[in-house]
Amino acid sequence: MRIESRRRWAIAWLTGPAYLWLAVTIFLPLSAMLYFSFQKKGPFGRHASEFSLKHYEAFFTKGYLQDLMWRSLEMGFHVTLLCILIGFPAAYWLARRIRGRWREALFLLIVLPFWSNALVRIFSWTIVLRPDGVLDRAVHLVIPGLPTIDLTDSYAAIIIGLVHSYLPYMILTCFLSLQAIDESLLEAARSLGARSWTILARIILPLAVPGLAAGSILIFVPVIGSFFEPRLLGGPKGTVIGTVIEEQFTVVSNWPLGGALSFILLAIVLLILAAASPVLKKHMSTT
Amino acid sequence: MRTSGMIASALLAAAVAAQPLAAAEVRVLNWQGYGTDETWGVEAFEASTGHTVVHDYFNSEQEMLTKLRTSPGAYDVVLINSAFTIQAAEEGLIQPIDSAAITNFGDLSPGLRDAAEFRLDGDLYGVAWTWGLTSIAYDTEEVDPGNTINILWDPAHAGNVAVRDDSVENVYLAALATGQNMNAPDDLDAIRQKLRDLKPQIRTFWSSEDEWNKEFVADAFDVAVYWSGSASRSAKAFGLPVGYLIPEEGAIAWLDGLSLAAGSANPEGALQFIDYMVSPDHFVRWDTEVGAPASANGVAMNQLPEDAFNRQVLGDPAATANLQFMAPLSDETRETFLEIWEETKAWYAE
């Protein structure tokens, strides 16, 4: 009995700070925003608080908000897919082919963008992608006579910038999964006559699913809420639900509408994760 | 210990505020670096009148109003954008001005001097000082500007137009283009449609003066919405072939006035200071040495060098006959304008 209660205290002492931290940094701000999203007006000015659903209704009655939400989801899908297509082979190569010091050096190169400010990264891309920019000049150096390459203010520019920003997540999570694969499994498969393709599809890919899933979630969720990358790289083509939410806070101080749109975005993310979870669970349990 | 220290400093602050101030001090409340605090100007004023000038600054119109509300009697002269003058007068933050005390009053352009935004119940609450525009700048080497705001919608400039990503500014422009009062447009659908029609024209959004100049040099656009003061700098300081168009439909204008704070300890000195500020002496030096917005003083504008941007472009009374001055907007109106602009941007992005 005494041991039992001491255990409980120990658990409380050990986990308490973490829960307190979560409560202060996540739960409190989120619940304040949830409260505002059901208010008629924001926290500024002299007016009584008044319950209202109108900001949630706005999303369902205003077509352009739904269009922009869809656009953001599409953008998240495209970025995640490209990150998988580039990140998985890169992680595979790093985990199974490169050894020793080279691997450290390559890791450094992959993580390097993380150490620079996100805004600086995006502004650098505007220099690369603009007409007579780095890309334009490089291409013309190789093939003169091509028409000017101008990717500024385009959807492609947004995708390039976002993939570059979020790719390290995919490489790192996939790397961890791939590195944990027991070499003897692959040797066994080979000794039984399996071809490389079969090994990849039947052994490596299924075992890498946790990494792919973790990377996809880490990328998809922030990308659909992103706002400064689309704005800076997309210009007139860069309006997404994230920029609309941001403008509610920065331009008109309309916290209720900004909050309501954020929670709708959150609800959609949770729905997507819930829909994906049976598939993921199946894969996780087979490993 | 800490509490008593705080109380002591609060008492000290109250004592300082309550102390009768030397009558020879003129206390000015303005944006920092906005004309009144030029060292040569302050020195000239102090030498000629014997008053000393003390400055305090604000970073937003709301802050200016708050300072006037919370420290009555702490200021003599305050700069107020004409959109806020009547509000400040109604709240009793500023007092009526006897125009006879302003010797330069007769030289001020009548359209600005007599603006309704400066008057409450027939009394004058602000002396027109400076003004400027948001209108259209163009590449003088490539564009024949004509005289209409529809240059922005002209298919000849398709894909060659830049605007600022600002809901109020763009709704205002569309209101002018559809012949409406931009401060109280009644046909929002016409504005919506006009903004949608801009889609094939738009090349890019600009967000700062620096960016505007860089993109102009990179030939990203030929026609773009721009601020008059910035266009003046592009042409004068950077030598760019930038022309400025004030369309016959009108342009978005702002007007700043100097007001006399309520409870001023030195109203006489304050009026002398205002008089000096609106004089040609001060303005000509300000514009030539530093770069200034346009002066409300017509005589001052005419004393600028022939090629001065302020004189050439903004000095033409015919061009400035149809200006619409920005009025304060309610939260609801701002939200409506933002919604229209975001809906339009969603359409641009498709």
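Throughout, protein chains are lettered first and strands after them, A, B, ... in sequence-line order, and every chain is numbered starting at 1.
- The neighbour count for F114(A) CZ, taken as heavy atoms of other residues, nucleotides or ligands under 6.0 Å away, is above 12.
- Residues of residues 143-152 of chain A having a heavy atom under 4.5 Å from any heavy atom of chain B, listed by number: D150(A), T152(A).
- At a heavy-atom separation below 4.5 angstrom, chain B is approached by no residue within residues 121-136 of chain A.
- Only the side chain of D165(B) comes within less than 4.5 Å of a heavy atom in chain A; its backbone stays farther off.
- Remark: Y169(A) OH is loosely packed, at most 12 non-hydrogen atoms of other residues, nucleotides or ligands lying under 6.0 Å away.
- Comparing R334(B), E335(B), K199(B) by heavy-atom pairs within less than 4.5 Å of chain A, the highest count is held by E335(B).
- With a 4.5 Å cut-off on side-chain heavy atoms, E350(B) and T239(A) do not count as touching.
- Nearest heavy atom pair, residue R203(B) against residue D153(A), reads O-OD2, 3.3 Å.
- Considering every non-hydrogen atom in both T243(A) and E342(B), the closest pair reads O-OE2, 4.4 Å.
- Taking non-hydrogen atoms and a 4.5 Å limit, the residue list of residues 50-71 of chain A in contact with chain B, ordered by number, reads K62(A), Y64(A), D67(A), L68(A), R71(A).
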Acceptor/donor pairs from residues 134-142 of chain B side chains to any protein atom, 3.5 angstrom cut, sequence neighbours excluded:
| residue | atom | partner | partner atom | Å |
| --- | --- | --- | --- | --- |
| S135(B) | OG | L245(B) | O | 2.6 |
| D139(B) | OD1 | E141(B) | N | 2.9 |
| T140(B) | OG1 | P241(B) | O | 3.1 |

Show your reasoning for whether salt bridge (Lys or Arg N to Asp or Glu O under 4.0 Å) applies to K41(A) and D331(B). CA-CA 10 Å; K41(A) 287 190 166 184; D331(B) 288 348; 5.8 Å; no
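- Using a 4.5 Å cut-off between heavy atoms, S167(B) touches chain A through its side chain atoms alone.
- When the shell of 6.0 Å around CH2 of W31(B) is examined, it contains more than 12 heavy atoms from other residues, nucleotides or ligands.
- For the atom pair NZ of K237(A) and OG1 of T204(B), the computed distance is 11.5 Å after rounding to the nearest 0.5 Å.
- Heavy atoms closer than 4.5 Å to chain A are found nowhere in E215(B), neither backbone nor side chain.
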